[in-house]
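Only one structure is covered here, and it is reproduced in the block below.
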Amino acid sequence: DFPAWSANGAQLCFILNNADLYTLNISIVNGVPVGSGASKIGDGVAGGGSYKQGKWRPGQNQIACVWKKTGDPDKIHMLPSTGGSPTVLYTSASTDWVIENDIAFKSDGSNLVFSERHISTGLVYLKVLDVTTNLVIKSINLSQYKSIRELDWAKSLGSNTVAITTV
């Protein structure tokens, strides 16, 4: 699930078995893309939870993912693309807040956009996280929508435009 290309197109990251984060090397053989060297870099099963929606950080060998574990607040993790311990970039205030599965980096890799929904009140926020400080620098109330299903940051350098699909 949730395949995402590295900036140079040489690797994919993806979620396997709705839990584990993998990378896969991609090469072109006789004009056909071929995957090899699958590597588990995030073990959701061993951690008792699951990774969702891996996205490569532009210009870096890092992948951000949503981390979900029953009974714990949702988190956004950053992992080295070669594996290792995750760094927690963001933690929801409580288990009543759900980080919706889609996340996206700004083209320079400085910020990450995501949405968060409150289970009982239906509040929905679009949030921008500064990846260097791990602080939310913008929070936009979009509670007129039930959920933000998909989002993506404009690809032009320096753009502050985000596209969203709502429910």
Side-chain angles (χ1 to χ4, degrees), residues 1-15 19-26 39-44 47 49-69 72-94 97-118 123-145 147-167:
D1 293 330
F2 305 113
W5 289 99
S6 62
N8 65 5
Q11 289 184 294
L12 280 172
C13 68
F14 61 95
I15 308 300
D20 300 326
L21 176 63
Y22 279 80
T23 59
L24 181 68
N25 298 321
I26 305 295
S39 178
K40 185 191 297 187
I41 65 166
D43 196 337
S50 61
Y51 283 104
K52 305 286 183 189
Q53 196 58 282
K55 293 288 177 85
W56 293 83
R57 183 177 181 191
Q60 304 288 324
N61 291 320
Q62 298 174 315
I63 300 170
C65 291
V66 176
W67 169 253
K68 295 182 176 281
K69 183 176 179 181
D72 287 350
D74 287 357
K75 295 177 173 58
I76 296 176
H77 283 178
M78 183 82 82
L79 293 97
S81 62
T82 55
S85 298
T87 300
V88 177
L89 298 180
Y90 178 82
T91 302
S92 292
S94 71
W97 285 96
V98 175
I99 298 173
E100 297 181 303
N101 291 342
D102 207 2
I103 59 177
F105 277 103
K106 190 172 183 174
S107 61
D108 65 4
S110 64
N111 300 133
L112 184 71
V113 64
F114 64 98
S115 62
E116 195 169 30
R117 180 175 44 84
H118 194 266
L123 291 170
V124 175
Y125 284 88
L126 185 69
K127 295 185 175 186
V128 177
L129 182 74
D130 181 307
V131 178
T132 304
T133 64
N134 298 348
L135 297 174
V136 172
I137 57 173
K138 188 122 184 134
S139 184
I140 303 167
N141 186 335
L142 295 177
S143 296
Q144 68 267 37
Y145 305 110
S147 177
I148 297 173
R149 180 171 296 162
E150 300 162 327
L151 49 83
D152 199 10
W153 210 303
K155 300 304 179 206
S156 58
L157 197 58
S159 176
N160 287 321
T161 304
V162 175
I164 60 174
T165 302
T166 61
V167 179

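Since the structure is predicted, the reported quantities are computational estimates derived from the model, not experimental observations.
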Can you tell me how far [atom2] of [Y] sits from [atom1] of [X], rounded to the nearest 0.5 angstrom?
{"X": "D74", "Y": "Y90", "atom1": "CG", "atom2": "OH", "value": "9.5 Å"}
{"X": "L142", "Y": "S147", "atom1": "CG", "atom2": "OG", "value": "11.0 Å"}
{"X": "L24", "Y": "L12", "atom1": "CG", "atom2": "CG", "value": "6.0 Å"}
{"X": "L135", "Y": "L129", "atom1": "CG", "atom2": "CG", "value": "7.5 Å"}
{"X": "L126", "Y": "I140", "atom1": "CG", "atom2": "CD1", "value": "5.0 Å"}
{"X": "I41", "Y": "I63", "atom1": "CD1", "atom2": "CD1", "value": "3.5 Å"}

Inset, instruction - List for me each residue that meets side chain to side chain donor-acceptor pair (under 3.5 Å) alongside D108, sequence neighbours excluded, and say none if there are none. - result: S110

With a 4.5 Å cut-off on side-chain heavy atoms, are [Y] and [X] touching?
{"X": "K106", "Y": "N160", "result": "yes"}
{"X": "H77", "Y": "V88", "result": "yes"}
{"X": "I76", "Y": "F114", "result": "yes"}
{"X": "W67", "Y": "D72", "result": "no"}

Contact summary for [X] and [Y], nearest pair of heavy atoms:
{"X": "P58", "Y": "F105", "value": "CD-CB, 3.5 Å"}
{"X": "Y51", "Y": "C65", "value": "CD2-CB, 3.5 Å"}
{"X": "S107", "Y": "K155", "value": "CB-O, 3.5 Å"}
{"X": "L79", "Y": "G84", "value": "CD2-O, 4.1 Å"}
{"X": "T23", "Y": "S81", "value": "CG2-O, 3.7 Å"}
{"X": "A19", "Y": "I15", "value": "N-CG2, 3.6 Å"}

Inset, instruction - Have a look at D102 and tell me which of K52, R149, K55 forms a salt bridge (charged side-chain N to carboxylate O under 4.0 Å, His left out) with it. - result: K55

Inset, instruction - May I ask you to check whether over 12 heavy atoms, not counting those of N61, lie within 6.0 Å of atom CG? - result: no

Just by distance, do the side chain of [X] and the backbone of [Y] share a donor-acceptor pair under 3.5 Å?
{"X": "S143", "Y": "V124", "result": "yes"}
{"X": "R117", "Y": "V98", "result": "no"}
{"X": "N25", "Y": "Q11", "result": "no"}
{"X": "Q53", "Y": "I103", "result": "no"}

Inset, instruction - Measure up the H118 and W97 rings against each other and bin them: parallel (under 30°), tilted (30 to 60°), perpendicular (over 60°). - result: perpendicular

